[in-house]
Amino acid sequence: MAKFERCFPSELQEALKKPPLYTECLLRDICSGEVFPAFRNNKIDFYHKGGRLFEFDGNEFTTHVKYASVLHGYGKPYIKENLLDYGNVRLIRDFKEGYTRIKENCSLHSGLEASGVAEIYEKSSYLKTDQNVVVLDIEASLESLTKEEEWSDELPDDGKKRTQDRLDLLLFNKPERCLQFFEVKHFGNKDLWSKAEKPPEVVSQMLEYNKQLEERNEELLQAYKDYARTVRELFGLSEESMPNPVSLEKDVVLLVFGFDSRQREKLHELLIEDGSLNGFRYCFIGRPKHAEQMWKNRELGK
C-alpha cells in the first residue's frame, strides 16, 4: 500500500514562487480565502468554489482543459462564429492572462457537496489565524483497503468502486492540536437514504473510512505534521498560528447540510431514530457558517 504523505520541500516552495501566476494571482486569492491550497506529496492542488483550479507539481501549473478554454478580448458568454477570427479575439497565451475567466469556468463545474465544502474553507482556511478551528485539507485520498477495479472520474459511474477512499474535509482544532475528518453529504444525496430495509450506502462508507483512520492513524498524523510545517514555511506563520497536530480522531464525522427545518425532522427520523447511525458520529447543519460550528456540533449516534 502506498504511503500517505504530505510533503512539499523547500526547493519546490521556491520554484512555486517564481511564476507570476502564483505571485500575482493565486497568492492574493489564497490570503482572502477565495483559493484554497492543499498540499499533496510534492504537489499542491489549488481549489476554487469546489473545483481544482490548478495543480503545481514543482515544475509547472496544469488545469483542466474545460477551465482553460478562454478567449482573450471577449468577455460575453456567447459568441458568433464570425468573431472567432476577428481583431483581438484569440485564445489566452498563458494562465495569468486568463486567470479571471479560468476561475469563472472552474466555479461552473462543481457539484453541491464540493460547493458546500468550498463555503467552509473560504470562511475557515488555515490562513485565518484568528480562528481556533480551521480547514487544513480537503479531498484527502487514501488507497482503499478493499480495492476493486478502477474507474475514472471523467467517465460515468458504472458501479465500480474507487481504488481510493476520498475524505472530503479535515478540520484542525489548534488549541487542542487535534485533527478530525468529515464526510460531507448534501441532503439530496441518495447515499443517505435506505432501500429495501438495507442500511444507507453512507454507512458502508463510514465503516471503510473508520477502518482507514484506525489502521493508519500514526501514518496520517505524521503526514499532517509535515503539512503544518510546510504551511509555516511557505506562508510565514508562527508555531502559535499553525502548531503541529498531536492527535487524529479515529472516526470520521458525517456532515449533512443543505436542508431546512422540516427536512431536519426527516434526517432524525430516517438516520437517527431508526438506528442507521448508531455508533457513528454526525453533524447536521443546514448551512455551515464556519469550521468551529461544525466541531462543536459533533454528536454520537446511540
Side-chain angles (χ1 to χ4, degrees), residues 6-115 117-119 121-123 125-128 135 137-141 152-156 166 227 230-231 233-237:
R6 286 292 184 264
C7 183
F8 195 74
S10 56
E11 58 268 25
L12 298 186
Q13 295 177 35
E14 292 305 311
L16 174 68
K17 297 174 184 177
K18 294 178 181 179
L21 177 64
Y22 177 76
T23 56
E24 299 179 28
C25 301
L26 284 167
L27 185 57
R28 175 190 64 236
D29 287 342
I30 290 169
C31 292
S32 72
E34 191 173 342
V35 169
F36 183 84
F39 298 98
R40 309 307 182 203
N41 185 26
N42 296 322
K43 295 193 303 182
I44 305 182
D45 289 339
F46 296 91
Y47 291 87
H48 172 67
K49 299 295 183 184
R52 188 168 64 176
L53 181 64
F54 293 106
E55 175 189 289
F56 181 74
D57 66 358
N59 294 307
E60 58 187 354
F61 286 92
T62 58
T63 191
H64 199 288
V65 67
K66 64 189 176 187
Y67 303 157
S69 300
V70 173
L71 292 175
H72 177 74
Y74 192 86
K76 298 179 181 179
Y78 295 93
I79 188 170
K80 295 180 180 179
E81 186 177 22
N82 65 335
L83 294 178
L84 289 174
D85 189 25
Y86 176 78
N88 293 325
V89 179
R90 56 171 174 78
L91 289 173
I92 57 169
R93 294 194 176 100
D94 55 55
F95 292 152
K96 179 190 171 186
E97 183 179 66
Y99 181 69
T100 300
R101 291 294 305 277
I102 292 173
K103 283 202 304 179
E104 290 175 3
N105 287 347
C106 182
S107 69
L108 298 175
H109 293 276
S110 297
L112 288 172
E113 283 149 6
S115 297
V117 169
E119 286 194 31
Y121 66 62
E122 286 175 12
K123 298 168 185 172
S125 164
Y126 56 74
L127 290 181
K128 305 284 186 181
V135 176
D137 198 8
I138 63 175
E139 294 191 1
S141 292
S152 169
D153 284 337
E154 299 302 319
L155 299 175
R166 183 173 296 173
Y227 193 112
T230 299
V231 170
E233 292 173 351
L234 183 58
F235 298 109
L237 299 186

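Residue numbers start at 1 and run along the sequence shown.
- Across every non-hydrogen atom of Thr23 and Leu27, the tightest pair is O-CB, 4.3 Å.
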**Request:** Could you go through the salt bridge (charged side-chain N to carboxylate O under 4.0 Å, His left out) check for Arg40 and Glu55 one step at a time?
**Result:** CA-CA 10 Å; Arg40 309 307 182 203; Glu55 175 189 289; over 6 Å; no

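- Separating the CZ atom in Phe61 from the CZ atom in Phe95 is a distance of 9.5 Å, to the nearest 0.5 Å.
- Put simply, the side chain of Glu14 reaches to within 4.5 Å of the side chain of Lys17, judged on heavy atoms.
- Ring geometry, Tyr99 versus Phe54: the interplanar angle falls under 30°, so the pair is classed parallel (tilted spans 30 to 60°).
- In this structure, the side chains of Asn105 and Lys66 stay at 4.5 Å or more apart for every pair of heavy atoms.
- Side-chain atoms of Ser125 and Lys128, non-hydrogen and from C-beta on, do get closer than 4.5 Å to each other.
- Between the CG atom of Leu127 and the OG atom of Ser32 there is a distance of 10.0 Å, given to the nearest 0.5 Å.
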**Request:** Apply the test ring pair (Phe, Tyr, Trp, His ring centres under 6.0 Å) to residues Phe36 and Tyr121: give CA-CA distance (whole Å), side-chain angles for both, the deciding distance (0.1 Å), then the verdict.
**Result:** CA-CA 7 Å; Phe36 183 84; Tyr121 66 62; 5.1 Å; yes

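- When all heavy atoms are compared, the tightest approach of Asp137 to Ala38 is OD1-CB, 3.5 Å.
- Smallest separation of non-hydrogen atoms from Ala15 and Gly58: CB-O, 3.6 Å.
- Taking OG1 of Thr230 as the start and CZ of Phe39 as the end, the distance is 6.0 Å to the nearest 0.5 Å.
- A donor and an acceptor atom, one from each side chain of Glu139 and Tyr47, are located under 3.5 Å apart.
- For the atom pair Leu26 CG and Cys31 SG, the distance stands at 11.0 Å (nearest 0.5 Å).
- Looking at heavy atoms from C-beta onward, Arg52 lies out of side-chain contact with His109 at the 4.5 angstrom threshold.
- Side chains of Leu12 and Asn42 form a contact here, defined as non-hydrogen atoms less than 4.5 Å apart.
- Taken to the nearest 0.5 Å, the CG atom of Leu21 stands 15.5 Å off from the NZ atom of Lys18.
- Between Lys49 and Glu122 there is a salt bridge, since a side-chain N of the basic residue sits under 4.0 Å from a carboxylate O of the acidic one.
- Closest non-hydrogen pair, Gly50 versus Ser110, comes out as C-OG, 3.1 Å.
- Relative ring orientation between Tyr227 and Tyr126 is described as perpendicular, the plane-to-plane angle rising above 60° on a 0-90° scale split at 30° and 60°.
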**Item:** Asp57/Thr62 under side-chain contact (heavy atoms from CB on, under 4.5 Å): CA gap, chis, key distance, verdict
**Value:** CA-CA 9 Å; Asp57 66 358; Thr62 58; 5.9 Å; no

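- Closest approach of Pro37 to Ile44, counting heavy atoms only: CB-CG2, 4.1 Å.
- In this structure, Leu53 and Asp29 have side chains that are not in contact, with every pair of non-hydrogen atoms separated by 4.5 Å or more.
- Side-chain contact between Ile30 and Phe235 is present, with at least one heavy-atom pair separated by less than 4.5 Å.
- Looking at every heavy atom in both residues, Pro20 comes nearest to Lys96 through CB-CD, 4.0 Å.
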